[in-house]
Undergrad: 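Once you've had a glance at the structure underneath, I'll fire off some questions.
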Amino acid sequence: MENFWNVLRQSLKNMLGKPLWLLLVLTVCFASTPYLGRTIDDLPVAVIDMDHSSASRELARMLDAAPKIGVRAYADLPAAQADLAWRQLFAVIVIPVDFEKRLLRGEQLVVPVFGDATNRIANGQIQQDISATYNQLLRDHNGELLARSGFSAVQTQTLLDPLVARLVDLYNPGASFAAIVLPGLVTLILQHGLLLSSTRVSLNLRGGTPRSLRQPLSTRLGRYAAQLLIWIVLAMLLYVIWPYIFGFRQTSPFWALLGIVLPFLLAVLAFSEFLAELLPSEEAVYLTLTFVTLPLFYLAGYTWPPQAMPDWVLLLANAIPSTWTIRAVAEMNQMDLPLGAVGPHILVLLAMAAGYALLGTLIYQWRNWRTDHKAAAA
Amino acid sequence: MALVEQLKRDAWRFVQAFNTETRLATRSWTIHWLGWIWPLLLFVVISGIYKAGTLQDMPVSVVDEDHSSLSRQLLRQLDAGPHAQLVTQTAGLPEALRHMQAADQYGLLYVPRDFEKDVLAGRRPSVQFYYNSLFYAAGFYSTQDFAGLAALLDQQVRPVLAAGMGKPVPSLASVSVSFESLYNASGNYIYYQQFAAIVHLLQLFVIIATIHVLAREAPELRASSPHILRAKALGVRLLGKLAPYTLLFSTLLMVELFLLVVLNGAVIKGSVGWMLAITICYVVAAQAIGLLLFIFTANRFSAYSLVGMLIGIAQTYSGVLIPTLAMPLPAQAISYLEPLTHCLNGLFDQFLREAPANSGAYACLKLSLYPLVTYMIAKQRLRKRLDFSPA
């Protein structure tokens, strides 16, 4: 026990003396800056008004008032297309000649819109706003038409919308990019830092060393405890204080987040112990683990749904602690679920911690046994 | 004459450094690991993630409390559309909400009791489609067919209601928005997200490999590896040493992009030649960043740790997750400082966007600035880091 406390004290002193782990905080600071606007508003969209009527001007005004659209007036299509190609615009809307005249006559009108679909999220948001604006304009004009034909206000409303179809966005009103990306990014950055750091530590203690150089279990536990303490503080900073400073949605209480963070960090520590038994050197830790964080971001089922992934990919995703943590944090923080409701995720993380620790220990014991056997034979 | 002699000597030094490094690289397990084994394994994983390409048949819960012919028509047609796959929740709203919260289902369509009766009586009942906008891609896609279907039902019911009101309905205007999605009309994630992920990953591999091979020349590893760099003609030897990796990683990225295009039946809209040129400039720019990280850190492990920072930052600022134009101004400035942003823009221009003629040259020009700036910064500092002193 005394050794445990000594190692814990010494490891903490070393880590606080050389705070490379603070790079994590710096990374999250940088990675958060693009999301300061929380949601995307006023994306530049070209409007080419070929009608120059009061209806077309009204439409341009309404489009500009839509939250996601910022109207840029263009005189002709080629100039707008060139800017679209150079990424200065997200879409080009052409209001055709005789727009007002045909609208008043009640004729069928087709309005061409060209959107840059390389980024699906921006394109989707603009598409939603354009459709909503045209529907509004159409409703206003058809309403006037019906009123002129002798229909009462109630009858007009009934005829325009016999059934009210409502689209309601849940858990992330206004589609905040920060809510979509940051919980995943923070979890993966935490996992990346802890995996690198603790795998390096575990490498010094792994199996296969001569008997005289082996460290007692308390040394290993002392080092893990130091890592755990530092990363709990970091996790709380990034999950609780950081969203609070930036004003990101954060509904889960501190203690509930701790309930998921602790099993997550334990699972990552156990995973690192397992990896340390597999990787040949300290350099191999960097040459291997540096690259896995990016695929894990896509594997987490956050930006691309698990239902669209093949089984073998899901199996891989489910073997990584961050996948379960991202789901749990999103469910608690964004979807208002209590800690109890994400209990199955916590159990999976604890099982993962036990499983990886067991595997790591088995390999450790086997390597020690092999070394002892060779030494005895020599 | 002296200049010609000098050039000849430099060319010889370059070739010598190139050949020696190539020999070392072919025998190095680490270079094989970084140069093709690990990148191709990760390529397979990322390809697996995006195998479906487009999002279709996203699961959507249905709570139909009306069970009328009108509600059944709405559900049937929505289910027949390409974007939503309806799952009837017999246990009602609480169960449907639970599935939404667990992200098993990305939408919830609620049809209230007496829906058909209220429509025909002109009471304007509301039918609500809740979607998960946190899991935005899946949630948004699941809603795509809903608005059109509701408008169709409106059209179908309107004459019946007007007949009840005893007045003829005048001809109403109808505006249909023809939304033409340019550059990636099918909304295929392989052509955008997977493409970007592969290009981003390559940058990390190039930077790490550059740090690794330069560290073999530094005092920390010099004793264990033959060294190529000397105090004299350091620049030429450095170019010769890094050139095999420029070729290796440029080939790797082109092979990966070729596989992506061929396996998915895509068509390159622009020029393959420009794609190759941009790739080479991008690899050189990434090598320049690797060189900078190497010279400004005390050892290779500190440099590797800093690469970890690049993962989240480069991805966030590249414009793939959030469009650059939607970022606040300081973030836009950082985005334009990154080689990944320019490389992705250039490659997307050639691959998908029917690029403007000068786009390829523009991307190459911007990417070429990185090695030039690095040369100016690194010139003296590299000698210090390599420590050529006899001691």
Side-chain angles (χ1 to χ4, degrees), chain A residues 20 23 27 30-31 33-34 36-37 40 85 103 106 108-115 117-120 122 124 127 134 138 141-142 145 149 155 158-159 162-172 175 177 180-181 185 189 192 286 290-291 293-295 298 305 308-310 313 334-335 337, chain B residues 42 45-46 48-49 51-52 55 101 119 122 124-130 132-134 136 138 140 143 150 154 157-158 161 165 167 170-184 187 192 201 204 208 304-305 307-309 311-313 316 321-323 326-328 331 348 356:
Chain A
L20 261 179
L23 278 177
T27 307
F30 262 116
T33 313
L36 283 176
I40 49 170
L103 194 68
Q108 180 86 27
L109 265 167
V110 178
V111 179
V113 178
F114 306 97
T118 36
N119 190 315
R120 299 302 297 172
Q127 203 174 339
Y134 274 102
L138 202 60
H141 279 268
N142 284 339
L145 208 63
S149 305
Q155 284 174 328
T158 306
L159 284 175
L163 59 101
V164 181
R166 281 214 178 93
L167 264 182
V168 186
D169 48 355
L170 290 184
Y171 312 129
N172 182 24
F177 276 73
I180 294 169
V181 176
L185 207 61
I189 289 172
H192 176 84
Y286 288 102
T290 302
F291 309 102
T293 300
L294 185 74
Y298 297 114
M309 295 180 196
V313 173
Q334 313 289 336
M335 302 188 200
L337 284 183
Chain B
L42 292 178
V45 172
I46 295 174
I49 296 171
K51 189 168 176 272
L55 289 178
Q101 284 172 323
V119 168
R124 303 177 67 233
S126 83
V127 52
Q128 305 199 329
F129 195 124
Y130 301 93
N132 189 334
S133 71
L134 183 65
Y136 186 78
F140 174 66
T143 67
D154 277 346
V157 171
R158 199 169 283 138
L161 288 172
M165 291 169 190
K167 290 185 200 111
S171 167
L172 295 180
S174 156
V175 176
S176 37
V177 180
S178 151
F179 200 97
E180 184 124 356
S181 291
L182 298 177
Y183 312 134
N184 186 8
Y192 187 66
L201 263 181
L204 300 179
I208 291 274
Y304 292 148
S305 301
V307 178
M309 270 187 79
I311 299 167
I313 294 172
T316 308
L321 298 176
I322 172 168
M327 295 177 192
F348 279 136

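Convention: sequence-line order gives letters A, B, ...; per-chain numbering from 1.
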Undergrad: Which distance, rounded to the nearest 0.5 Å, do you find between the CG of Asp169(A) and the CG of Leu134(B)?
TA: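 Output value for this atom pair is 11.0 Å.
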Undergrad: Return the minimal non-hydrogen interatomic distance between Thr33(A) and Pro328(B), and the atom names on each side.
TA: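 Closest approach of Thr33(A) to Pro328(B), heavy atoms only: O-CG, 3.6 Å.
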Undergrad: Which answer fits Phe140(B), side chain, backbone, both or neither, if we ask what part of it has an atom under 4.5 Å from a heavy atom of chain A?
TA: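 Looking at Phe140(B), just its side chain touches chain A.
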Undergrad: What heavy-atom pair brings Thr158(A) and Gly122(B) nearest, and what distance separates the two atoms?
TA: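 Reported closest heavy-atom pair: CG2-CA, 3.4 Å.
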Undergrad: State, to 0.1 Å, how close Val164(A) and Arg124(B) come at their nearest heavy-atom pair, and which atoms those are.
TA: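 Shortest heavy-atom separation between Val164(A) and Arg124(B) comes out as CG2-NH2, 3.7 Å.
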Undergrad: Pick one of side chain, backbone, both or neither for Leu167(A), based on which atoms fall under 4.5 Å of a heavy atom in chain B.
TA: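 For Leu167(A), the contact with chain B is made by backbone and side chain together.
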Undergrad: Side chains of Phe291(A) and Ile208(B), heavy atoms from C-beta outward: is any pair under 4.5 Å?
TA: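 Yes, their side chains come closer than 4.5 Å.
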Undergrad: Does any heavy atom of chain B fall under 4.5 Å from the side chain of Leu103(A), the backbone, both, or neither of them?
TA: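 The answer is both parts of Leu103(A).
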Undergrad: Find the distance between OH (Tyr298(A)) and CD1 (Ile49(B)) and round it off to the nearest 0.5 Å.
TA: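 These two atoms lie 9.0 Å from each other.
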Undergrad: If you take all heavy atoms of Val157(B) and Pro162(A), which pair is closest and at what distance?
TA: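 The pair with the smallest heavy-atom distance is CG1-CB, 4.0 Å.
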Undergrad: I need the minimum non-hydrogen distance between Leu42(B) and Pro295(A), along with the two atoms involved.
TA: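 Taking Leu42(B) first and Pro295(A) second, the nearest heavy atoms are CD2-CG, 4.0 Å.
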Undergrad: Do the non-hydrogen side-chain atoms of Val313(A) and Lys51(B) ever get within less than 4.5 Å of each other?
TA: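 Not in contact.
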Undergrad: Where on Tyr192(B) is there a heavy atom nearer than 4.5 Å to chain A: the side chain, the backbone, both, or neither?
TA: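 Side chain of Tyr192(B) only, per the 4.5 Å heavy-atom cut-off to chain A.
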Undergrad: Looking at Val119(B), Ile46(B), Leu161(B), Thr316(B), which has the largest count of heavy-atom pairs under 4.5 Å with chain A?
TA: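 Highest number of pairs under 4.5 Å: Thr316(B).
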Undergrad: Under a 4.5 Å heavy-atom cutoff, which of Lys167(B), Gln101(B), Arg158(B), Gln128(B) has the most pairs with chain A?
TA: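 Of the candidates given, the most pairs with chain A belong to Gln101(B).
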Undergrad: For Ala308(A) versus Ala52(B), what's the shortest heavy-atom pair and its separation?
TA: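 So the minimum-distance heavy-atom pair works out to O-CB, 3.6 Å.
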Undergrad: Supply the atom-to-atom distance Ser133(B) OG to Leu170(A) CG, rounded to the nearest 0.5 angstrom.
TA: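 Going from the OG atom of Ser133(B) to the CG atom of Leu170(A) covers 7.0 Å.
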Undergrad: Non-hydrogen atoms of chain B under 4.5 Å away: do they reach the side chain of His141(A), the backbone, both or neither?
TA: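 Contact with chain B: none, neither part.
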